[in-house]
Amino acid sequence: MRFAFLTSLIALATGALAQSSSADAYVASESPIAKAGVLANIGPSGSKSSGAKAGVVIASPSTSNPNYLYTWTRDSSLVFKALIDQFTTGEDGSLRTLIDQFTSAEATLQQVSNPSGTVSTGGLGEPKFNIDETAFTGAWGRPQRDGPALRATAIITYANWLLANGNGTSYVTNTLWPIIKLDLDYVENNWNQSTFDLWEEINSSSFFTTAVQHRALREGATFASKIGQTSVVSGYTTQADNLLCFLQSYWNPTAGYVTANTGGGRSGKDSNTVLTSIHTFDPAAGCDAATFQPCSDKALSNLKFYVDSFRSVYSINSGIASNAAVAVGRYPEDSYQGGNPWYLSVSAVAEQLYDALIVWNKTGSLQVTSTSLAFFKQFDSSVATGTYASSSATYTTLTTGVKNFADGFLAINAKYTPSNGGLAEQFSRSNGAPLSAVDLTWSYAAALTSFAARNGKTYAGWGADKVTVPTSCSSGPGGAGVPVTFNVQATTTFGENIYITGNQAALQNWSPDSALLLSSANYPIWSITVTLPANTAIEYKYIRKFNGAVTWESDPNNSFTTPASGSVTRSDTWR
Ligand code: NOJ
Ligand code: NOJ
């Protein structure tokens, strides 16, 4: 008995050691490969990005199945935020030319008319462009409203460094501010409209998008005051307050996790939420739950639900202990390119945990609440709620457990990274072999930022320490609005789809051409969630589109009035 106990203790300790030494080895070998992998995918001289204009980031050099030789605003902005963080903290002073090329490439792209509109009619929400800076005009999930926010965040980080280093005040005001302002104005004016999520699949509201929009408007307001552009401050702040209110509504208090999208009809467990925590991490904000900081009880509980949702869906996870790291992907229901684990999703889990450790170590204590209890029990089954000082044995047990858990995720990526260190988009759920787009720029950047967090590196915050959720969340015009889920039972033939349009801007003002596509995930129920103004009389109809032909529902229009707050579900049958 005692012997068995000792043996299992030794096994545990060796397991943990194995994780940390394989993470150490992986960080050492993969860091230079990941950095080179990022740089190879940026024009004009990246070795794998020929044809890309200066400062243009290609998503991947893959040209078929899938063709990723395009530039996405999201990928580019996240990648450059990582490079700008390296530059502004002195880790790599050679990046400045590339960063300047990036900001001017983005300034050009902002002005390119595209299927989402012109610069002043919604074009900033266009998700991707050709790498020669022309519009991509094929069908796509558009708009995607996270891009402008992420781009503003990246460029503000650089602009703040320029100001702090006394060079370029006029460059910041005359060149960078107009780019930043276009994006922030777009966020201010459009955040309340539905958007395709970061995975380009669900048209509703999306946690990641809401959170990065909130961050961008907060730091944008502070930045604008700093450079004397005071006229925008109150508008940005008002909408940031509304965004923060709305952000709270994604948390599901009964289940204990964040529902990633208001539409889509899935479990809601999604890498979207983990990416939110790491990309809105503010080391000054402690474990604030309103902004879902990495060490907040809500974000930790959510992390456990998200990770656990993959334990039984990927066969490469079978046989792994229920409290150990596993391969994770975008969301458990995913089927894109086979629906496999994603390297960047695995890195994101590790990074959230490293970020949490940074804050606990800085604070000198760690809090276990009823919300985060199940997360912490993974590392100490007898732990109780309470605050544990860094001098306590419990603190040591829990933080050691979290560190090993985090290292375990890097060890998963290490195990499934091929010997040349290349990081594709996915790796096989059944045998771990790399799959889908090769050399995904975002996979490399995600590896780099997780390694930096493991090394305890932090970057400038965005004011998350100064925000509080307004006591009453207004839902009037300009307010958060009311999420309305439209469910309609409709039998369709293959290739036929159901859309909705109606008397609101958010319902595309009765336009059949821009009517909103419903999801058929729960066929024959078609579904979409749209945020509509409160206390408003709504009229709408569903339409069918088949081979270009449009069929409207018969009269009269469907109608109802939105309440002052809360949410609404409409259950209709096509007629
Ligand atoms: C391509 C998108 O990039 C990907 O995210 C999505 O899953 C597939 N289209 C399917 O919609
Ligand atoms: C598909 C992903 O779902 C999306 O987030 C990404 O922007 C594109 N691929 C390009 O990497």
Side-chain angles (χ1 to χ4, degrees), residues 37-38 40-42 48-49 52 56-82 106 109 116 125-131 136 138-151 154 195-204 206-209 211-212 260-261 263-266 270-276 278-279 328-348 422-427 429 434-447 497 517-521:
V38 167
N41 288 357
I42 304 173
K48 295 192 173 168
S49 46
V56 167
V57 181
I58 65 168
S60 147
S62 173
T63 53
S64 69
N65 193 29
N67 181 355
Y68 274 18
L69 196 54
Y70 296 98
T71 185
W72 271 262
T73 308
R74 171 183 35 264
D75 298 45
S76 309
S77 300
L78 290 172
V79 163
F80 260 95
K81 173 65 165 60
E106 294 302 316
L109 290 171
S116 294
E126 181 69 3
K128 73 175 201 186
F129 293 83
N130 296 320
I131 65 173
F136 167 75
W140 209 251
R142 57 168 67 90
Q144 295 177 20
R145 304 186 198 270
D146 55 336
L150 295 169
R151 180 164 58 198
T195 176
F196 275 86
D197 69 317
L198 79 170
W199 309 135
E200 323 191 277
E201 294 175 333
I202 297 181
N203 189 16
S204 67
S206 192
F207 182 69
F208 176 82
T209 305
V212 300
N261 302 294
R266 298 179 188 148
D270 194 311
S271 178
N272 168 323
T273 61
V274 182
L275 290 162
T276 295
I278 65 172
H279 292 301
V328 295
R330 299 195 298 183
Y331 51 92
E333 302 88 346
D334 199 359
S335 62
Y336 172 58
Q337 294 279 331
N340 297 287
W342 281 43
Y343 293 101
L344 73 88
S345 297
V346 176
S347 294
L423 293 180
E425 179 183 75
Q426 313 184 17
F427 52 97
R429 62 199 283 156
L435 284 176
S436 189
V438 293
D439 293 316
L440 189 81
T441 325
W442 188 2
S443 293
Y444 289 125
N497 287 304
L517 173 63
L518 277 68
S519 159
S520 60

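One-based numbering, in listed order, for ligands and for the atoms of each. Because only heavy atoms are used, hydrogens play no part in the values below, and waters and symmetry mates are left out as well, while side chains stay in.
A heavy-atom separation below 4.0 Å is not found between Lys128 and ligand 2. Not a single heavy atom of Phe208 lies less than 4.0 angstrom from ligand 2.
With a heavy-atom cut-off of 4.0 Å, Arg330 touches ligand 1 through its side chain alone. Under 4.0 angstrom from ligand 2, the non-hydrogen atoms of Tyr68 all belong to its side chain. When non-hydrogen atoms are compared, ligand 2 lies under 4.0 Å from the side chain of Trp342 (C-beta onward) but not from its backbone. In Trp72, the part holding a heavy atom less than 4.0 Å from any atom of ligand 2 is the side chain.
Relative to the ring axis of Tyr331, Arg266 places its NZ or CZ within 45° and under 6.0 Å from the centre.
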Check: Run the side chain to side chain contact (heavy atoms under 4.5 Å, CB included) check on Leu440 and Gln426 step by step: do they pass?
Finding: CA-CA 9 Å; Leu440 189 81; Gln426 313 184 17; over 6 Å; no

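Residue Trp442 has at least one heavy-atom neighbour below 4.0 Å for each of these atoms of ligand 2: 5 (O). Of all atoms in ligand 2, listed by their number and element, those nearer than 4.0 Å to a heavy atom of Leu198 are 3 (O), 4 (C), 5 (O). Proximity to Ala59 (heavy-atom distance under 4.0 Å) selects the following atoms of ligand 2: 10 (C), 11 (O).
Note on ring orientation: taking the six-membered ring where Trp is involved, the planes of Phe136 and Tyr70 are perpendicular (angle over 60°, cut-offs 30° and 60°). Using a 30° and 60° split on the angle between ring planes, Phe208 and His279 fall in the perpendicular class, above 60°.
Trp72 and Gln144 form no side-chain donor-acceptor contact under 3.5 Å, judged by distance and modelled atom types alone.
Among the atoms of Glu200, some N or O lies under 3.5 angstrom from an N or O of ligand 1. Remark: ligand 1 and Glu201 share an N or O pair separated by less than 3.5 Å (distance only, no angle test).
Taken to the nearest 0.5 Å, the NZ atom of Lys128 stands 10.0 Å off from the CG atom of Leu69. Atom OG1 of residue Thr195 and atom CG of residue Asn203 lie 7.0 Å apart, to the nearest 0.5 angstrom.
A salt bridge is defined here as a Lys NZ or Arg NE, NH1 or NH2 lying under 4.0 Å from an Asp or Glu carboxylate O, and Glu106 with Arg151 meets this definition.
If you check which protein heavy atom lies closest to atom 9 (N) of ligand 1, you get Tyr336 CE1, 4.2 Å. In terms of protein heavy atoms, atom 6 (C) of ligand 2 is closest to Asp75 OD1, 3.5 Å.
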